[in-house]
Asks: 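Sharing a structure, written as structure tokens. Questions coming.
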Amino acid sequence: MLNVLIAGIGGQGSVLAAKILAAAAQARGWKVRTAETIGMAQRGGNVTSHVRMGDAGEEVHAPLIARGTADCIVALEPGEAVRALPYLAPDGLLVCARTAIPSVETTLSGEPYEAEPLLAYLEGAAPHFLAVDEAAICEEVGSRKVANLVMLASAVAASNGTSFGLRGAIGTDELVRAMEACVKPAFVALNRAAIDTAIARVGAPSVN
Amino acid sequence: MRSTLLMGNEAFAWAALEAGVNVVAGYPGTPSSELVETVAKLHAAGVAHDVYVEWSDNEKAALELLVGASASGARGLFTCKQMGLNVAADALLSANYVGVRGGLVLFVADDPGPISSQTEQDTRRFANFAKVPVLDPWNPESGADMMRHAFEVSETWHTPVIVRPTTRVNHASTFFDVPSETHARPVPEGGFEKDPKWVIFPRRSYAAHGEINDRLHEIASEEAAGSFNPLYAYAGEECAPADAGAAPLGIVCGGVSGAYAREAIEMLIARGAQLPAFDFLQVGTPFPFPVRRARAFAAGKTDVLVFEELDHVIEDDLLMLAGRDKLSYRVHGKLDGSTLARGENSVEDCARRIARFLGVTDALPEEPAPDPAAPQAPARPPVLCAGCPHRGAFYAVKRALRGKKNVLCGDIGCYTLGNAKPLEAVDTCLCMGAGITMAQGVAVAEPGTKAVAFIGDSTFFASGMTGVANAVYNQHDITIVVLDNSTTAMTGGQPHPGIGRTLMGPVSDPIRIEAVLEGLGVTCIEHANPLYLKESLAAARRAVDFEGPSALIFRSPCTQIVRPEPRAVVDDDACVGCRVCVEAIGCPAMTMSADGSKMIVDAATCYGCGLCVDVCQHGAISAAVRTEGRVPFAGKAGE
Ligand code: SF4
Ligand code: SF4
């Protein structure tokens, strides 16, 4: 079983990232289940997408990932990574975006809300950790909307040739094909650029 | 056939279309809404042929329409969330007595948690109360099979049938093979046949009650033999389908809990647990209870553990069976505290309880101790979007009421989020349409208090209008604030009677909210664009000061249906860092700089609505819509 949790904020595109991962797994002939938080939470609240893949050909029963069993968490925001961390498996990989996004509550509290202390904690707490400067990659690509693909591609790249995270189970070319099957034709080039740039950056991954 | 990733609700839609459904009608509500939208989309794409689909004005209207269509021989599908069935209850209970002709299936989505609902009511209980069969899927695949089957059961026995998924089935996705097109089954030649049976009378009802009792009996025994109540025998690491129980221990599940429990069992096996032999029963047809299947399972049992969400429905039936058959098994579930009495079940929770039940707690993973060094994840509740028109409406009304004792009665929709800081403009929220009538109760009980009701445009049409009539008729001194954002925003932007569009295409004349209010006798009707503070404040004061029922219509589109305006800009030289803007309207696009000295507008989040321009007393904020003197979002309709 390969469990991937995508954690983010409503509107960041975690659902599309989950769809793309599911399509890649399906292309491999695996049984896949995904689940989303939909509804009220979408209005700027925290959201998660669960992707469960029977990578050994097994049946997948539950749509949701149990705590402590996510092989990989793709976090689109550091605070959301902290929230999702209890889901990470003992040998799991956390791939985390570097940009902190304040909530109305954090702004009203008057306390500063910053990424650095969160990232520092996550680096120590996650068995395997990669922080991605997703904002820089998005800027290079020219759209802030593709952070989801940047992060997903980073997770795929960081897992290449490893025995943790996605365990190299999904190749970057498979990710590209799955993306092409899932996004509108007009957005393929942009998302392709997001994937390529992210992979080039992660390239020789310095995952600890 | 091609393999496609379908969300549960999409799979239910496909299954109904494959079953030849003719008419689909419902009222939106999470987690049910995507079914109707999928049908509409497939119809518009030329995939689903000859089907009629609509968002009805409310659930009662939808179900009554479908009962009519069924009487004409059409297959009908009703959709709503659990509380929607309360609204349609009157129609359902009588329709069961009258009986149906074309298959009539009610798709009612329950919401354990609850995740986005007011109640944790259980539609299986409702089915029992209404004496209508209910099917309870444990994943989207079983749900699609049940949907097809439900039409058959409905027509065979002339009964409405409920298919009741829960959120985790509605919103879970997996791959399905879908056909290239579907065709509705032709409505029988001649259509409606005149017959006294369509007119409900006490005598007829007495006879019908007998028919209902008989058919429930028959359906229970047919379903007991069917595939929706699968029984498995677990021995060691093996799990095999079985016809009867053999082991003294048994686990019984309803709905998605079955998927959790099976996963938990596999987890325990994978962790090296030596499980004793036990039987596993999934109850997919909880009402009428498949007694024969349960009896076969129960043979020789000493202890049974039941996992189900919401109410203890299966548990009750197992206890009843034990009493009736004088069986000596003990039932462990919600009633004796062996399983969660409310909220959602989970794999983790099932694993703990099953491990205890089977005596293999050694195989449980260690609970990681909470890390005292862990930073707090930020509180991030859902909020009104940046640029949301409701923000200005709430802010203006609250300002207009400053110094006056007031009660602000909210309603169901995105605008319920107006309760959050810093707006804090929702004092009550009960059920669809209740804000207008609750305000009247406040006005009667404490005459000096300003009672204000907020209601969205879609909710206004769904269940606000009778409340307005009541206010006018009984001359209640309330102010009705209609938040008209031209859509049903909370559930994903469905059209409604006030919009010039239905799911089947454009309509000539949308119903005007003003015309309704006027027609119902409201004489004071104020208007304002909520994105302009001054005009909103003035209009709010006029409406609130009016004696008797008054109305105030705030009109500006939901940001989800328009493209953004150029972002607001903060002049750092003018901004004094007073935080007044942040603390007044709390737009998610506004944050403070790290040192707290300046307000920052996030370029990607800001929708350019211009409201913050009016809030800053230092003239530090500017927005293109204001400098250019344009009405925000006019002519910016999205795709
Ligand atoms: S933008 Fe205006 S209201 Fe907001 S902090 Fe600056 S000066 Fe104060
Ligand atoms: S213009 Fe001001 S109030 Fe409107 S979305 Fe932008 S920051 Fe928020």
Side-chain angles (χ1 to χ4, degrees), chain A residues 9-11 18-19 22-23 26 31-46 50 58-69 77 79-86 90 100-110 112-114 117-118 121-122 124-125 144-145 182, chain B residues 3 5 7 30-31 34 115-116 139 167-169 171-175 256 258-264 266-267 346-348 351 365 368 371 373-386 414 416-417 420-422 490-491 579 582-583 586-588 590-592 594-596 602 604:
Chain A
I9 301 167
K19 263 192 187 161
Q26 153 83 357
K31 184 89 191 160
V32 196
R33 289 194 192 279
T34 71
E36 335 283 353
T37 14
I38 300 183
M40 268 245 178
Q42 275 178 315
R43 301 273 169 267
N46 49 290
H50 298 234
E58 72 271 42
E59 182 64 31
V60 181
H61 294 293
L64 299 173
I65 297 169
R67 283 168 171 254
T69 68
E77 201 272 341
E80 294 315 314
V82 171
R83 199 190 314 280
L85 198 60
I101 301 176
S103 69
V104 173
E105 294 233 359
T106 59
T107 302
L108 285 174
S109 77
Y113 178 66
E114 287 164 328
L118 299 173
Y121 168 73
L122 291 166
R144 272 180 62 163
K145 294 242 159 84
C182 293
Chain B
S3 186
L5 184 69
M7 187 200 288
T30 309
E34 295 85 0
I115 300 170
S116 37
N139 59 20
T167 306
R168 301 302 182 191
V169 173
H171 286 167
S173 304
T174 193
F175 282 85
V256 73
Y260 297 152
R262 294 196 65 184
E263 185 94 27
E266 284 177 17
M267 187 201 259
S346 65
V347 173
E348 300 91 309
D371 180 353
Q376 275 269 315
R380 206 184 293 279
V383 290
L384 296 172
C385 300
C414 277
T416 316
L417 299 175
K421 278 192 175 128
M490 178 93 268
T491 47
R579 297 175 57 88
V582 169
E583 278 159 22
C587 170
M590 303 190 305
T591 57
M592 298 302 291
D595 64 356
D602 181 65

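Here is the naming used below: chain letters follow the sequence lines, and residue numbers restart at 1 for every chain. Since this is a predicted model, take the numbers as computed values, not measurements.
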Asks: About how many Å separate OG1 of T591(B) and OH of Y113(A), when rounded to the nearest 0.5 Å?
Replies: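 Reported value, rounded in 0.5 Å steps: 12.0 Å.
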Asks: Is the closest side-chain heavy-atom distance between E59(A) and R33(A) below 4.5 Å?
Replies: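 Counting from C-beta outward, E59(A) and R33(A) do come under 4.5 Å.
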Asks: In terms of heavy-atom pairs under 4.5 Å, which option from P422(B), G596(B), A386(B) contacts chain A the most?
Replies: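 The candidate making the most pairs under 4.5 Å is P422(B).
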Asks: Tell me, side chain or backbone of V582(B) under 4.5 Å from chain A's heavy atoms, or both, or neither?
Replies: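 It is both, since atoms from each part get that close.
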Asks: With rounding to the nearest 0.5 Å, note down the distance linking CE in M592(B) to OG in S109(A).
Replies: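 One finds 11.5 Å between CE of M592(B) and OG of S109(A).
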Asks: Under a 4.0 Å N-O cut-off, is there an ion pair linking R380(B) with E80(A)?
Replies: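 Judged by the 4.0 Å cut-off on N to carboxylate O distance, R380(B) and E80(A) do form a salt bridge.
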Asks: Checking heavy atoms, do the side chain of P365(B), its backbone, both or neither come under 4.5 Å from chain A?
Replies: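 Nothing of P365(B), per the 4.5 Å heavy-atom cut-off to chain A.
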Asks: Out of A351(B), A604(B), S346(B), G258(B), which one racks up the most heavy-atom pairs below 4.5 Å with chain A?
Replies: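 The answer is A604(B).
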Asks: For P368(B), is it the side chain, the backbone, both, or neither that has a heavy atom closer than 4.5 Å to a heavy atom of chain A?
Replies: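 It is neither, since no heavy atom gets under 4.5 Å.
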Asks: Under a 4.5 Å heavy-atom cutoff, which of A259(B), A172(B), S173(B), G586(B) has the most pairs with chain A?
Replies: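 Highest number of pairs under 4.5 Å: S173(B).
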Asks: Pick one of side chain, backbone, both or neither for E58(A), based on which atoms fall under 4.5 Å of a heavy atom in chain B.
Replies: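 Neither part.
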Asks: Who passes salt bridge (Lys or Arg N to Asp or Glu O under 4.0 Å) against K145(A), sequence neighbours left out?
Replies: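 Not a single residue meets the salt bridge (Lys or Arg N to Asp or Glu O under 4.0 Å) criterion with K145(A).
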Asks: How close do E105(A) and A379(B) get, counting heavy atoms only, and between which atoms?
Replies: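 Of all heavy-atom pairs spanning E105(A) and A379(B), the closest is OE1-CB, 3.6 Å.
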Asks: So which of G110(A), P117(A), P90(A), P112(A) has the largest heavy-atom pair count under 4.5 angstrom toward chain B?
Replies: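 With the most close heavy-atom pairs to chain B, the winner is G110(A).
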Asks: Quick one: list whatever passes salt bridge (Lys or Arg N to Asp or Glu O under 4.0 Å) with R67(A), sequence neighbours left out.
Replies: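 R67(A): no salt bridge (Lys or Arg N to Asp or Glu O under 4.0 Å) contacts found.
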Asks: Find the one option among V169(B), L384(B), T167(B), D371(B) whose heavy-atom pairs under 4.5 Å with chain A are most numerous.
Replies: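 Option with the top pair count is D371(B).
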Asks: Please flag which part of V32(A) lies under 4.5 Å from any non-hydrogen atom of chain B: side chain, backbone, both or neither.
Replies: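 Contact with chain B: backbone and side chain both.
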Asks: Is it true that a side-chain atom of E263(B) and a backbone atom of V347(B) form a donor plus acceptor pair closer than 3.5 Å?
Replies: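 Pair absent, no side-chain N/O of E263(B) close to backbone of V347(B).
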Asks: Heavy-atom distances under 4.5 Å only: say whether M267(B) touches chain A with side chain, backbone, both or neither.
Replies: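 For M267(B), the side chain is the part near chain A, not the backbone.
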Asks: Where on D595(B) is there a heavy atom nearer than 4.5 Å to chain A: the side chain, the backbone, both, or neither?
Replies: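 Looking at D595(B), nothing touches chain A.
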